[in-house]
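The next block holds one structure in the form of structure tokens; read it before the comments.
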Amino acid sequence: MPDSYYPRRVDTSIKVVDPHESRQVIEFGEKLRAQGNSVKEEYGIDRRIERAARFIAGGDNMWPKDAFEKKKHKAKISLNFIHSIIERKAGMLTDTRPKLDIRSKGGFTAAASTIKKIIADGIWYERSIQQVLTDGIVRVQRAGFAPCYIPWDDDLDYGRGDVGFDFLLPDQVTFDSSVRRLANVQDGEFVIIETVRPLAAFWALYGERGELVRPDDSVSGYSKPSAEGSRIKSPMMLKARNMLYSIYRKPSSQESQREPSAIPQAREYQMYFRDRSLVPGKKFNPDGTPNYLFPRKRVCIWAGDVLLFDGPSRYWDGLYPVEFLDWGIETDHPFGESEVDLYRGLQEAVNLLISGLVDNSRLINDPPKIIGPGVPPDVEEDIEQNFDRPGRTWRLDSITDVTLHPPGQMSQVVVATLGLLKDGIEFLSGLTGETAGKRTPGISSGAMLDALLMASQIVIRLQGRAVEDFIARAGR
């Protein structure tokens with residue numbers, strides 16, 4: 001097996017590092033990042049995350065941008081049941097604290113296993129993992145997967161060091177996309193973790209190498225608002241303007257300056273990968289097994305064009321310090337299933353029907369009017385503004401000068417369709433009336449109610465087993 005697949009290790013402990021060798025390592029890492037991100041783009045994962053954020057936000061964000069563009073007077077009502085489903089599932093799955101247990105698999109005595117169990121319980125309480133897990137379940141329902149970073153952090157426990165446990169954003173972690181299930185990410189070839197740090201942290205962590213890091217303008221600067229931009233108060237208008245500026249901004253002599261941040265920061269990339277390079281001169285052990293140069297994985301850390309560290313992983317178990325909580329099983333890619341995408345069509349249908357009902361009610365209360373040509377303009381304007389005011393009268397020449405056109409009654413098919421959609425939502429989510437504490441009509445037996453509640457929670461229990469499996473993997 002040729003060793004040329006992997007870049008040569010760079011000794012970052014010396015003051016002067018060969019720039020060519022360090023550049024090769026960084027290019028190797030950036031190529032792996034591009035490979036992982038291209039797979040996300042191929043399956044539309046970034047668009048999925050954007051849709052999830054839009055639907056969770058609710059309101060006008062749930063509607064297409066061109067909805068009722070020519071009929072702005074139409075009602076746009078959003079009955080955001082997706083947000084409720086996500087919160088209720090997160091609450092049900094974390095309602096009770098998991099019972100942690102550690103048993104000896106061989107090599108450990110029962111006493112050692114007991115000590116490890118006490119340590120695990122202490123970490124669970126110290127890191128408030130119950131709340132962190134709740135946050136992770138909400139994240140995974142939105143994106144379909146949620147990376148959890150479990151490193152040894154020297155800054156925790158008042159500088160004495162402790163195990164960290166934090167869920168990251170999906171775009172902060174890049175992994176080997178050949179892994180078909182995120183539960184098996186430890187079988188992949190690489191994992192890259194992106195972190196934003198202040199420059200002072202680089203200096204403290206990496207010494208002289210850290211002093212070479214320069215601020216990253218994408219995370220260490222902001223656009224100073226111009227006088228024109230400061231007049232825009234609406235959040236939606238500001239968002240639209242920023243999106244437009246990200247695509248094209250007309251050159252101007254009064255262009256606002258890019259201001260440096262008060263605390264300069266930069267992006268740090270930690271790459272853990274299986275480097276199968278063999279030890280020169282002793283490529284095989286006496287038993288014939290390969291004598292790897294990095295048996296517990298190789299770690300390369302860089303920021304910008306500065307290689308900060310290149311060496312063996314500090315974790316004796318040889319595992320990546322990342323585990324994924326995934327939601328559902330997707331056969332085409334390893335990114336899980338988004339709960340938001342599952343209900344998106346139903347949510348849009350409910351919004352359309354509810355908006356139609358509201359529009360119909362508004363038209364019944366204030367129906368459209370046709371005003372004849374014999375009505376003077378000032379009277380016409382007064383009718384438009386004060387037609388629904390109680391006790392207001394107008395003296396007209398003819399009864400046909402003003403005619404009302406109220407809408408017909410809303411068809412019962414619409415109401416029946418809403419009921420059908422409600423049943424579909426309960427069927428897909430597994431959250432029925434029993435799980436919400438509603439008594440089923442005609443059933444008074446406690447045993448029957450318990451049976452209905454257990455049957456309604458089949459989907460929840462299935463997802464609960466995925467959470468239990470994640471806790472077991474993260475607990476290693």
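- Across all non-hydrogen atoms, the minimal contact from Cys148 to Phe167 is CB-CE2, 3.8 Å.
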Kindly indicate, with the supporting measurements, whether the criterion side-chain hydrogen bond (donor to acceptor under 3.5 Å, both in side chains) is fulfilled by Trp302 and Glu30.
CA-CA 10 Å; Trp302 73 92; Glu30 292 292 348; 3.1 Å; yes

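- Within 6.0 Å of the CZ atom in Arg8, the count of heavy atoms belonging to other residues, nucleotides or ligands does not exceed 12.
- Annotation: the span from Ser84 atom OG to Ile425 atom CD1 amounts to 10.0 Å, rounded to 0.5 Å.
- Using modelled atom types, one side-chain atom of Ser38 and one backbone atom of Gln35 make a donor-acceptor pair closer than 3.5 Å.
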Side chains of residues 189-200: which donor-acceptor partners sit under 3.5 Å, not counting sequence neighbours?
from, atom 1, to, atom 2, distance (Å)
Glu189, OE1, Arg276, NH1, 2.7
Glu189, OE2, Arg276, NH1, 3.3
Glu189, OE2, Arg276, NH2, 3.3
Glu194, OE2, Arg267, NH1, 2.4
Arg197, NE, Glu268, OE1, 3.2
Arg197, NE, Glu268, OE2, 2.9
Arg197, NH2, Glu268, OE1, 3.4

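- No donor-acceptor pair under 3.5 Å is formed between the side chain of Arg181 and the backbone N or O of Pro334.
- No salt bridge links Asp171 with Arg33; every basic N to acidic carboxylate O contact stays at or beyond 4.0 Å.
- No donor-acceptor pair under 3.5 Å is formed between the side chain of Asp326 and the backbone N or O of Ala146.
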Full working for ring pair (Phe, Tyr, Trp, His ring centres under 6.0 Å) between Phe165 and Tyr149:
CA-CA 6 Å; Phe165 195 97; Tyr149 187 33; over 10 Å; no

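- Asp135 and Gln131 are not linked by any side-chain donor-acceptor pair at a separation below 3.5 angstrom, with hydrogens and angles left out of the test.
- Between Phe273 and Phe28, the ring center distance clears the sub-6.0 Å criterion.
- To the nearest 0.5 Å, atom CG of residue Leu421 and atom CD1 of residue Ile354 are 9.5 Å apart.
- Using cut-offs of 30° and 60° on the angle between ring planes, the pair Phe175 and Phe145 is perpendicular.
- Using a cutoff of 4.0 Å between basic side-chain nitrogens and carboxylate oxygens, Glu50 and Arg47 are not scored as salt-bridged.
- Residues Ser22 and Val17 approach most closely at CB-CG1, 4.2 Å, considering heavy atoms.
- Under a 3.5 Å cut-off, the side chain of Gln186 and the backbone N or O of Tyr320 do form a donor-acceptor pair.
- Checking each of Ile301, Leu308, Val322 against Gln270 for a side-chain contact (heavy atoms from CB on, under 4.5 Å) leaves exactly one that passes, namely Ile301.
- The CD1 atom of Ile56 sits 8.5 Å away from the CD atom of Gln141 when rounded to the nearest 0.5 Å.
- Ser78 and Asn80 form no side-chain donor-acceptor contact under 3.5 Å, judged by distance and modelled atom types alone.
- The pair Arg9-Glu21 does not meet the salt-bridge criterion, since no charged nitrogen lies less than 4.0 angstrom from a carboxylate oxygen.
- With Glu41 contributing its side chain and Asp46 its backbone, the two residues share no donor-acceptor pair below 3.5 Å.
- For the salt bridge (Lys or Arg N to Asp or Glu O under 4.0 Å) with Glu339, the lone residue among Arg142, Arg48, Arg51, Lys89 that qualifies is Lys89.
- Between atom CD1 of residue Ile77 and atom CG of residue Leu353 there is a gap of 13.0 Å, rounded to the nearest 0.5 Å.
- Under the rule for a side chain to side chain donor-acceptor pair (under 3.5 Å), Ser177 has no partner lying at least two apart in sequence or in another chain.
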Check: residues 207-215 side-chain donor-acceptor pairs under 3.5 Å, at least two apart:
from, atom 1, to, atom 2, distance (Å)
Arg209, NE, Leu307, O, 3.0
Arg209, NH2, Leu307, O, 2.9
Arg214, NH1, Glu211, O, 3.1

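- Within the 4.5 Å cutoff, the side chain of Thr174 has heavy atoms near those of the Asn37 side chain.
- Using modelled atom types, no side-chain atom of Ser261 and backbone atom of Ser220 make a donor-acceptor pair closer than 3.5 Å.
- Between the side chain of Asp153 and the backbone N or O of Val163 there is no donor-acceptor pair closer than 3.5 Å.
- In this structure, the separation between CH2 on Trp327 and CG on Leu342 is 11.0 Å, given to the nearest 0.5 Å.
- A donor-acceptor pair under 3.5 Å links the side-chain atoms of Lys40 to the main chain of Pro170, judged by distance alone.
- Judged by distance alone, with hydrogens and angles left aside, the side-chain atoms of Asp176 form no donor-acceptor pair with the main-chain N or O of Val179 at under 3.5 Å.
- Heavy-atom minimum distance, Pro7 versus Val25: CB-CG2, 3.9 Å.
- Taking NE2 of His333 as the reference point, atom OH of Tyr43 lies at 7.0 Å (rounded to 0.5 Å).
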